[in-house]
Amino acid sequence: MSILTDISENLQRGKAKVVKELVQQAIDEGVPAQQILDEGLLSGMSVVGEKFKNNEVFVPEVLVAARAMNMGAALLKPLLAESGMKASGRVCIGTVKGDLHDIGKNLVKMMMEGKGIEVIDLGTDVAPETFIKTAVEQDCQIIACSALLTTTMGIMGEVVKAAEAANIRDHVKIMVGGAPVTEAFCEQIGADCYTADAASAADAAVELCK
Ligand code: B1M
């Protein structure tokens with residue numbers, strides 16, 4: 001069994017300590033960080049997601065898998081950081097109100113930090129007014145919203161409206177993403193940028209901060 005399969009299977013079983021050790025071992029063996037993320041951690045999480053959808057596993061199992069995912073990803077963080085020119089900029093990021101999913105949001109944060117962007121992490125269940133208040137007080141160029149539920153993605157539209165009401169739309173860009181979010185939805189709510197994955201979100205943030 002390859003070490004990446006091993007990481008994926010232990011993540012599915014929620015064995016956070018083993019996942020952490022295996023990720024470290026893969027790093028030591030020279031496996032590229034992006035490959036460990038894609039073919040080990042994210043591949044395991046996607047199996048968990050399918051099983052969750054089919055009622056083969058339930059919230060507790062998903063939570064321990066998520067914990068293993070976050071522990072493994074933390075080891076990859078410095079390696080995913082690209083060398084070379086660092087961008088400057090400040091972003092506040094959060095998962096929108098009513099939504100507690102934070103794995104994707106954490107990956108986006110990690111990738112943005114890897115590009116040299118300062119990221120203020122507001123966590124999960126973030127109200128529109130909290131995004132706006134933080135952007136104003138901390139002088140952020142970007143508000144980045146993540147949503148994983150079809151029932152919460154509409155909050156992103158409220159963030160755009162709140163930014164308009166606060167008169168910050170001319171200098172604060174709004175980025176949106178998460179599994180149910182699409183380019184069409186981004187346009188519909190009047191946000192500035194949709195990206196499908198964490199790496200593209202980081203690239204887009206660098207451009208928007210210029
Ligand atoms: Co939930 N959950 N969950 N869940 N959960 C989903 C999202 C679901 C699709 C599962 C399913 O039924 N198939 C479904 C949503 C259905 C829908 O809305 N249509 C669902 C549901 C229904 C629920 C509950 C309602 C279940 C319940 O209680 N009955 C509940 C809601 C709780 C709440 O939020 N209020 C719930 C709870 C949970 C857990 C707490 C158990 C756990 C979250 C733990 C945590 O995050 N710490 C959980 C998990 C883990 C999932 C699945 C299995 C995995 C999500 C994930 O982390 N994926 C998910 C099923 C699935 O996706 N297959 C599911 C990996 C992650 C890396 O991907 O977040 O998409 P993702 O991020 C991607 C991109 O989307 C992008 O970058 C990342 C990749 O590079 N991206 C951005 C993300 N944010 C971005 C922002 C950007 C740009 C890109 O710019 C700003």
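Both ligands and their constituent atoms are indexed starting at 1 by order of listing.
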Starting from [atom], which protein heavy atom do you reach first, and at what distance in Å?
atom                    : value
atom 49 (C) of ligand 1 : Val62 CG1, 3.4 Å
atom 12 (O) of ligand 1 : Lys53 CA, 4.2 Å
atom 2 (N) of ligand 1  : His101 NE2, 3.2 Å
atom 14 (C) of ligand 1 : Leu149 CD2, 4.3 Å
atom 65 (C) of ligand 1 : Met45 CG, 4.0 Å
atom 87 (C) of ligand 1 : Gly177 CA, 3.5 Å
atom 35 (N) of ligand 1 : Gly98 O, 3.0 Å
atom 61 (C) of ligand 1 : Gly49 CA, 4.2 Å

At what distance, to the nearest 0.5 angstrom, does CD of Gln24 lie from CD1 of Ile36?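 The CD atom of Gln24 sits 9.0 Å away from the CD1 atom of Ile36.
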I need the atoms of ligand 1 closer than 4.0 Å to a non-hydrogen atom of [X], numbered in the order shown.
X      : result
Val59  : 41 (C)
Met175 : 91 (C)
Ala196 : 74 (C), 76 (C)
Leu107 : 67 (C)
Leu42  : 67 (C)
Ala198 : 77 (O), 79 (C), 80 (O)

Please check if any side-chain donor atom of [X] sits under 3.5 Å from a side-chain acceptor atom of [Y], or the reverse.
X      : Y      : value
Thr5   : Ser2   : yes
Ser200 : Asp203 : no
Gln25  : Glu21  : no

Ionic contact status for [Y] with [X], cut-off 4.0 Å:
X      : Y      : answer
Glu50  : Lys53  : yes
Lys133 : Glu137 : yes
Lys77  : Glu113 : yes

Could you tell me whether some N/O pair between Ala179 and ligand 1 is separated by less than 3.5 angstrom?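 It does: an N or O of Ala179 is found under 3.5 Å from an N or O of ligand 1.
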Does Lys105, backbone or side chain, put an N or O under 3.5 Å from an N or O of ligand 1?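 By distance alone, the answer is no.
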Could you tell me whether atom 85 (C) of ligand 1 has at least one protein heavy atom nearer than 4.0 Å? yes
Measure the distances from the heavy atoms of Ser200 to every atom of ligand 1 and state whether one is below 4.0 angstrom. no
Does ligand 1 have any atom that is closer than 4.0 Å to a heavy atom of Asp99? yes
May I ask you to identify, for [X], whether its side chain, its backbone, both or neither come under 4.0 Å of ligand 1 on a heavy-atom basis?
X      : result
Leu100 : both
Asp197 : both
Ala147 : neither

For Met112 and Met175, what are the C-alpha separation, side-chain angles and deciding distance, and is it a side-chain contact (heavy atoms from CB on, under 4.5 Å)? CA-CA 12 Å; Met112 284 182 178; Met175 293 181 65; 4.1 Å; yes
Count the heavy atoms belonging to other residues, nucleotides or ligands that lie under 6.0 Å from CZ of Arg67, then report whether that count exceeds 12. no
Just going by heavy-atom distances, which of [options] is nearest to [atom]?
atom                    : options                       : value
atom 83 (C) of ligand 1 : Ser46, Ala199, Gly178         : Gly178
atom 91 (C) of ligand 1 : Cys145, Pro60, Ala201, Ala204 : Cys145
atom 19 (N) of ligand 1 : Thr150, Asp38, Leu148         : Thr150

For Glu61 and Phe58, indicate whether the former's side chain and the latter's backbone hold a donor-acceptor pair under 3.5 Å.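 Yes, because the side chain of Glu61 sits within donor-acceptor range (under 3.5 Å) of the backbone of Phe58.
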